[in-house]
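Model, not experiment: these values are computed from the prediction. In each ligand, atom 1 is the first atom listed, and ligand 1 is the first ligand listed.
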Amino acid sequence: MIILGIETSCDETAAALVRDDRAILADVVLSQLDEHRPYGGVVPEIAARAHLDHIDRLVAEAFRRAGLSLAAVDAVAATCGPGLIGGVIVGAMTGKAIAAVTGKPFIAVNHLEGHALTARLTHGLAFPYLLLLVSGGHCQLLEVRGVGDYARLGSTIDDAAGEAFDKVAKMLGLGYPGGPAVQKASERGDAARFALPRPLKGRPGCDFSFSGLKNAVRLLIQDLGTPGEQDRCDVAAAFQLAVADSIAGRSAKALRAFAARHAGPRALVVAGGVAANSLLRQRLGELAAQEGFTLVAPPLALCTDNAAMIAWAGLERFRLGHSDGLDFAPRPRWPLDPAAPRLPGAGVKA
Ligand code: KG4
Ligand code: ZN
């Protein structure tokens with residue numbers, strides 16, 4: 001079984017072909033970083049237009065790289081949400097058009113389900129497992145129990161983790177995207193010079209918060225007046241440490257709640273662009289080892305937005321007999337667990 005996947009929900013335009021033996025036959029990703037850099041963040045209208053300019057060529061390129069024709073695919077999967085709606089519409093319409101002309105089934109994929117199931121593509125991981133998704137748009141802990149069966153243990157009550165990295169980088173004049181820039185500056189910084197808050201520390205649940213920390217950084221920079229090179233590296237290091245501490249601290253509760261419900265072997269999967277952060281990875285590795293979990297981190301190219309994860313999520317759904325009508329409406333918001341009961345150990349916010 002071969003599935004074509006299409007991803008256009010944020011600032012990556014991507015197409016991929018994936019087979020049911022977990023082989024990635026083609027995985028083409030075009031990042032729009034250069035288009036958005038002058039604005040210091042993703043501009044939805046620019047993103048949608050860029051997706052439209054490139055998606056046809058990228059789909060053709062995926063088939064060329066795999067040495068396949070349209071006739072070889074069993075179904076077409078496209079991200080239909082959540083995300084920036086202009087971009088989501090471009091990918092969904094492209095997928096539907098290909099499905100319509102070829103007569104192949106169409107599968108509407110939830111972008112978050114793509115991230116959630118990636119570890120099954122890369123590592124063949126069995127259900128259930130715990131997923132920490134930390135990206136520019138999301139910060140959540142999910143119990144992944146099966147295809148379409150997710151329970152959220154916690155999520156951010158304000159900013160996503162990557163968003164906080166990007167905003168702090170902007171305040172420090174470190175450029176866009178912020179995460180890698182903050183990490184680089186941190187290498188030359190002294191994290192112990194400034195004491196920053198650990199949001200929600202000691203509070204029940206597994207939710208995250210970053211806006212208070214971001215504001216603390218803003219005030220710190222104001223106090224410094226005109227921060228010099230070393231000041232900026234020290235602030236970056238203190239911020240990065242606070243984020244890593246906070247994410248690890250909140251995740252620890254989710255690991256314990258998961259362990260109380262499921263016998264081993266237990267796995268913690270990390271996904272999303274922020275999972276590239278080496279300090280965070282180190283902290284999560286220590287935490288996992290301490291709690292008797294294996295830390296599973298898909299290769300970075302499959303942690304950040306890509307279409308192989310969309311093809312794979314589509315494939316998992318399709319082989320269970322699911323497909324969607326061509327009237328499936330793209331969704332800007334689409335939680336993975338809309339009706340799920342809150343689990344013990346879950347956060348304060350629904
Ligand atoms: O998953 P992703 O590529 O895109 C989506 O948000 O969907 O994640 C991008 C985010 C950006 O906010 C970026 O600043 C952050 O991931 N990021 C990092 C690092 N590399 C990327 N954050 C911290 N440390 C990094 N090394
Ligand atoms: Zn994503």
Using a 4.0 angstrom limit on heavy atoms, which residues are close to ligand 1?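 Protein residues near ligand 1 are Ser135, Gly136, Gly137, Gly162, Phe165, Asp166, Gly178, Gly179, Pro180, Gln183, Gly272, Gly273, Val274, Ala276, Asn277, Thr304, Asp305.
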
Do NZ/NE/NH1/NH2 and the carboxylate oxygens of [X] and [Y] come within less than 4.0 Å?
{"X": "Asp159", "Y": "Lys214", "answer": "yes"}
{"X": "Asp234", "Y": "Arg188", "answer": "no"}
{"X": "Arg317", "Y": "Glu113", "answer": "yes"}
{"X": "Glu187", "Y": "Lys184", "answer": "no"}

When you look at Trp334 and Tyr150, which way does the ring pair (Phe, Tyr, Trp, His ring centres under 6.0 Å) test go after all the steps? CA-CA 13 Å; Trp334 187 1; Tyr150 309 94; over 10 Å; no

Please evaluate residues Tyr39 and Ile46 with respect to the criterion side chain to side chain contact (heavy atoms under 4.5 Å, CB included), reporting the C-alpha separation (whole Å), side-chain torsions for both, the decisive distance (0.1 Å), and the verdict. CA-CA 11 Å; Tyr39 308 94; Ile46 292 176; 3.5 Å; yes

Under a 3.5 Å threshold, yes or no: a donor from one side chain and an acceptor from the other, between Glu286 and Gln290?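 Side-chain D/A pair, Glu286 to Gln290: absent.
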
Is the ring pair Phe258/His262 parallel, tilted or perpendicular, if the boundaries are 30 and 60 degrees?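 The rings of Phe258 and His262 sit tilted, inter-plane angle from 30° to 60°.
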
Taking the six-membered ring for Trp, are Phe165 and Phe239 parallel (under 30°), tilted (30 to 60°) or perpendicular (over 60°)?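 Taking Phe239 first and then Phe165, their aromatic rings stand perpendicular (interplane angle over 60°).
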
Near the Zn ion (ligand 2), which protein N/O/S atoms are found at less than 2.8 Å?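 Near the Zn ion (ligand 2), below 2.8 Å, one finds His111 NE2, His115 NE2, Asp305 OD1.
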
